[in-house]
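What follows is a set of notes on a single structure, which appears directly below.
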Amino acid sequence: MDNENANLNFDQLRLDKLQQLEEAGVILYPPEFERKDTIQDIKARFESIGHEKSEGMVFTAGRIFTVRNHGKTVFADLGDEDGRIQLYIRKNDLGDEKFDFFNRFIDRGDIIGISGHVFRTKVGEITIWVDDFTLLTKSVCSLPEKFHGLRDVEKRYRQRYIDLIVNEESRQTFRTRSRIISLIRQYLSSRGFLEFETPILQPIYGGANARPFTTYHNYLEQNLFMRIAPELYLKRLVVGGFEKVFELARNFRNEDIDTHHNPEFSMVEIYEAYRDFRDMMALTEGIISHLVFEIHDTYQIPFEDSMLDFKPPWKSLSMEDAVKTIGNIDIWQYSVDELREIARTKRIDGWEKPENPREFLVLFFEALVEDQLVQPTFVYDFPVENSPLAKKHRTKEGFTERFELFIYGMEVANGFSELNDPLDQLNRLLRQDEKRKGGDAEAQMIDFDFINALGYGMPPTGGVGLGIDRLVMLLTNKNSIKEVILFPSMKQMPDGPSPEDEE
RNA sequence: GGGCUUGUAGCUUAGUUCGGUAGAGCGACGGACUCUUAAUCCGUAGGUCAAGGGUUCAAAUCCCUUCAGGCCCGCCA
C-alpha cells in the first residue's frame, strides 16, 4: 500500500496503520454498528446528569475530531450530524490491550462506535465514559487543522466534503437550503399544486433568453439541448388540464460564472390556471415571506450591510413609476431623441440602441433602478419587446402583464399572465427567431409544438419562476452563489484525469 | 471579455516593500502525564515556495508566460 498516485491525498502513515490492522485480523470496514443513541439524544436525555456515572448505557457513533491524550486517560471529541460530545477513555476501564489499540491506531478523522455511561466532568461538560469502542471506518486522509479549519475557498468548493466535516457554518447553510426546498414543496403541495418533472434534454430550447448547452444523442443521431427553463413544457401541462403545477427545476445556461451565476441553477416554476400576474405576485410574496418566517422566526433578517424586511405587503410599482421616482426620469415627458440624449449624458452602456420609449424604459430601469431596490420590491408592466412569453397588457399598449421581484438588487422572481393567444405567440417567437438568426445568441427558437399546444387552448394562466439559489443566499446571508451550491461549477484542475481519457 | 488580487509543509500562515542558507503554530511521529477541552511539557521529521522561462554572483522575493482561485465591472436569472 504505497501512496504513489499524485491525485490521492492518502497519508502514508495511515496506510501503514491500515496494513498492520489488516495483518492483525481486524475487520477494517465493518458493515454495521447498532447506534442506539445520537449525540443530540444523549445530551438531551442526560441534561441534568451529575458527576456520578449514569446507570443506563449509551451506544453511539461518529467521527473523532480531537484527541487529548493524558497518558493513562484520553479525552476525545466525537461528532455526528447534529452535535459533538466528549469521550473519556481510561486504561483502567478498557484494559491494556484495547487502550493501547486506541492510542496506536485511532486517529483524528476516524469513525468509531462506542458504548459507555454518561457523566459530567468536574468542569461541567457532559461526557461519555467509554466502556468499549469499535473502529468503524479508518480514515486514510488527514483532516485540516482543528482550530482554523479549512479556509481555502477553492478547496472548500472543490472538496465540499471536507468543508462539511470541519465547518459547522457551511453545514448549517446547506441544512437551510434543504429546508427551503422542502418548505416550498410543502407550501405548494398543501395548496393543491402538483409537482411534475419535464424534459431536461430538449430538441428545442425555450422559455428564457439564454445560450444553451448542446449535447448529442447517439441513437437518434441528433443534437439535443439541455433546458434553459421548464416553462414551455409546464404550460403544455396546463393545456392538458392540470390547473396547478410546479417543478423544482435545474436549469442549464451556457454563460459566465460569477458570484450570482452558476451554469446549472435551481428554480421553482409555478403555473396556475385562471390566475393572472397579480395573483402570482401574491403567491410569490406568500411563499417567500413564509420561508423567511419559518427559518428565522422573524420577517427582518440581515443581509450584507442591510436589514431586509419581508413582512407583507411588499413595495410594488410599475416600471415607469420606478424609473420616474427612483431614476428621476419620466419617460413620457421626452421624445426618443431627448431620451437618447439623457442616456448618453448619463453614460449608460448601450444608449445608442433603443428605438422607442419602452426600450429606453428598460435601459434606464436596469442602469439606474435595479441596484437601488434593496427591500423586497415588485416591479410590473414590462415592455412587450423583451417579454415574448407574457400576455399583452389589458390596458397599456406596448406593455405586458409581467413582473419581477428584486431584493438587494438581485432579480429573485419573474412572472406574468401567460401568453395564451397562439397567433400572438407565433408572431412573437417569429420575431425572436429573426433576432437569433441575426446573431443574438440568447434569443429564442420557435417551438411549433408549443404553439400548437396553445392552439388547442390554454386557459388564462398565471406563472412565476423563483430562483432558489438566490433565495438561499438571501436567507443565509451569503454573498456568493458558490456558498449555497454544494458542488459549484469549477474549472478542472490540470493534473486530474481529463474527460478525453475516457472511452 | 476588462480591472484588481491570491497561490509558501496535511491545515492556518510569516517572509515579497528593499534579492543573500524557507520560519512558526496546529497536525503527524517518539517520550512524560488518570477530569482535559485550541490540554500541557520535552524531542524529531516534514518544503521543486502553483508550473515553466528570464534577469542576476545569488530569486519565494524582480520580469515574462501559463495554470487554478477570489473580488469588482460587463452579460445573464
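Everything numeric in this text was worked out from a predicted model, so none of it was measured. All heavy atoms count here, side chains included; hydrogens, waters and symmetry mates do not. Letters A, B, ... are given to chains in the order of the sequence lines, protein chains preceding strands, and every chain is numbered from 1.
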Within this structure, what is the [atom1]-to-[atom2] distance between [X] and [N], rounded to whole angstrom?
X        : N      : atom1 : atom2 : value
A:Asp349 : B:rC75 : CG    : P     : 6 Å
A:Arg211 : B:rG1  : CZ    : P     : 11 Å
A:Gln492 : B:rU66 : CD    : P     : 20 Å
A:Lys478 : B:rG70 : NZ    : P     : 15 Å
A:Asn9   : B:rG46 : CG    : C1'   : 16 Å
A:Lys482 : B:rA68 : NZ    : C1'   : 11 Å
A:Glu154 : B:rC71 : CD    : C1'   : 15 Å
A:Glu304 : B:rC71 : CD    : P     : 11 Å

Atom pair [atom1]/[atom2] of [X] and [Y] - distance to nearest 0.5 Å:
X        : Y        : atom1 : atom2 : result
A:Asn262 : A:Asn251 : CG    : CG    : 12.0 Å
A:Ile89  : A:Phe75  : CD1   : CZ    : 10.0 Å
A:Leu135 : A:Asp110 : CG    : CG    : 6.0 Å

Between [N] and [M], how many Å separate the two [atom1] atoms, rounded to a whole number?
N      : M      : atom1 : answer
B:rG19 : B:rA60 : C1'   : 10 Å
B:rA28 : B:rG47 : C1'   : 15 Å
B:rC11 : B:rC64 : P     : 29 Å
B:rA77 : B:rG53 : C1'   : 43 Å
B:rC33 : B:rC42 : C1'   : 12 Å
B:rC29 : B:rG69 : P     : 34 Å
B:rG7  : B:rU48 : C1'   : 15 Å
B:rC57 : B:rC71 : P     : 43 Å

Going by the ring pair (Phe, Tyr, Trp, His ring centres under 6.0 Å) test, name the single residue among A:Phe365, A:Phe378, A:Trp314 that passes it with A:Phe406.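 Answer to the ring pair (Phe, Tyr, Trp, His ring centres under 6.0 Å) test with A:Phe406 among A:Phe365, A:Phe378, A:Trp314: A:Phe365.
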Strictly distance-based, threshold 3.5 Å: is any side-chain N or O of A:His51 a donor or acceptor partner for the main-chain N or O of A:Arg120?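 Flag set: sc A:His51 to bb A:Arg120 pair under 3.5 Å.
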With a cut-off of under 6.0 Å to the ring centre and 45° to the axis, is A:Lys98 in cation-pi contact with A:Phe133?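 Yes; both conditions hold, so A:Lys98 lies above the ring face of A:Phe133.
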Within 45 degrees of the ring normal and closer than 6.0 Å to the centroid, is that where the cationic atom of A:Arg278 sits relative to A:Tyr380?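 Pair A:Arg278/A:Tyr380 counts as cation-pi.
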Considering only residues two or more places apart or on different chains, which pairs with a residue in [range] satisfy salt bridge (charged side-chain N to carboxylate O under 4.0 Å, His left out)?
range                       : value
residues 402-413 of chain A : A:Arg402-A:Glu404
residues 62-73 of chain A   : A:Arg68-A:Asp77
residues 472-487 of chain A : A:Arg156-A:Glu483, A:Glu169-A:Lys478

Near RNA chain B, counting only heavy atoms under 4.0 Å, which residues of residues 155-171 of chain A show up?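 Here the set is A:Lys155, A:Tyr157, A:Arg158.
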No-H, no-angle donor-acceptor pair, A:Asp152 side chain to B:rG69 base, under 3.5 Å: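 Between B:rG69 and A:Asp152, which were checked side chain against base, a qualifying N/O pair under 3.5 Å is absent.
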Contact class for [X] vs. all strands (heavy atom < 4.0 Å): base, sugar-phosphate, or nothing?
X        : answer
A:Gly465 : nothing
A:Met490 : sugar-phosphate
A:Asn262 : base
A:Asp258 : base

Between B:rC71 and A:Thr259, is there an OP1 or OP2 to side-chain N/O distance shorter than 4.0 Å?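 For A:Thr259, the contact criterion (side-chain N or O under 4.0 Å from OP1 or OP2 of B:rC71) is not met.
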Any carboxylate oxygen within less than 4.0 angstrom of a Lys/Arg side-chain nitrogen, looking at A:Arg211 and A:Glu442?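 So A:Arg211 does not pair with A:Glu442 through a salt bridge.
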Does a salt bridge link A:Glu154 with A:Arg158, judged by any charged N lying under 4.0 Å from a carboxylate O?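 Judged by the 4.0 Å cut-off on N to carboxylate O distance, A:Glu154 and A:Arg158 do form a salt bridge.
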What is the per-nucleotide protein-contact pattern of nucleotides 31-36 of chain B, from the 5' end, where B denotes a base atom under 4.0 Å from a protein heavy atom, S denotes such proximity for sugar-phosphate atoms only, and - denotes neither? --BBBB
Please check if any side-chain donor atom of A:Glu269 sits under 3.5 Å from a side-chain acceptor atom of A:Tyr271, or the reverse.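 Yes, side-chain donor-acceptor contact under 3.5 Å.
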Where do N or O atoms of nucleotides 26-29 of chain B meet protein N or O atoms at under 3.5 Å, pair by pair?
residue, atom, partner, partner atom, Å
B:rC26, O3', A:Lys146, NZ, 3.2
B:rC26, O2', A:Glu145, OE2, 3.2
B:rG27, OP1, A:Lys146, NZ, 2.5
B:rC29, OP1, A:Lys17, NZ, 2.7

With nearest nucleotide decided by heavy atoms, which residue, A:Val153 or A:Leu150, maps closer to the 5′ end of RNA chain B?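 In this pair, the answer is A:Leu150.
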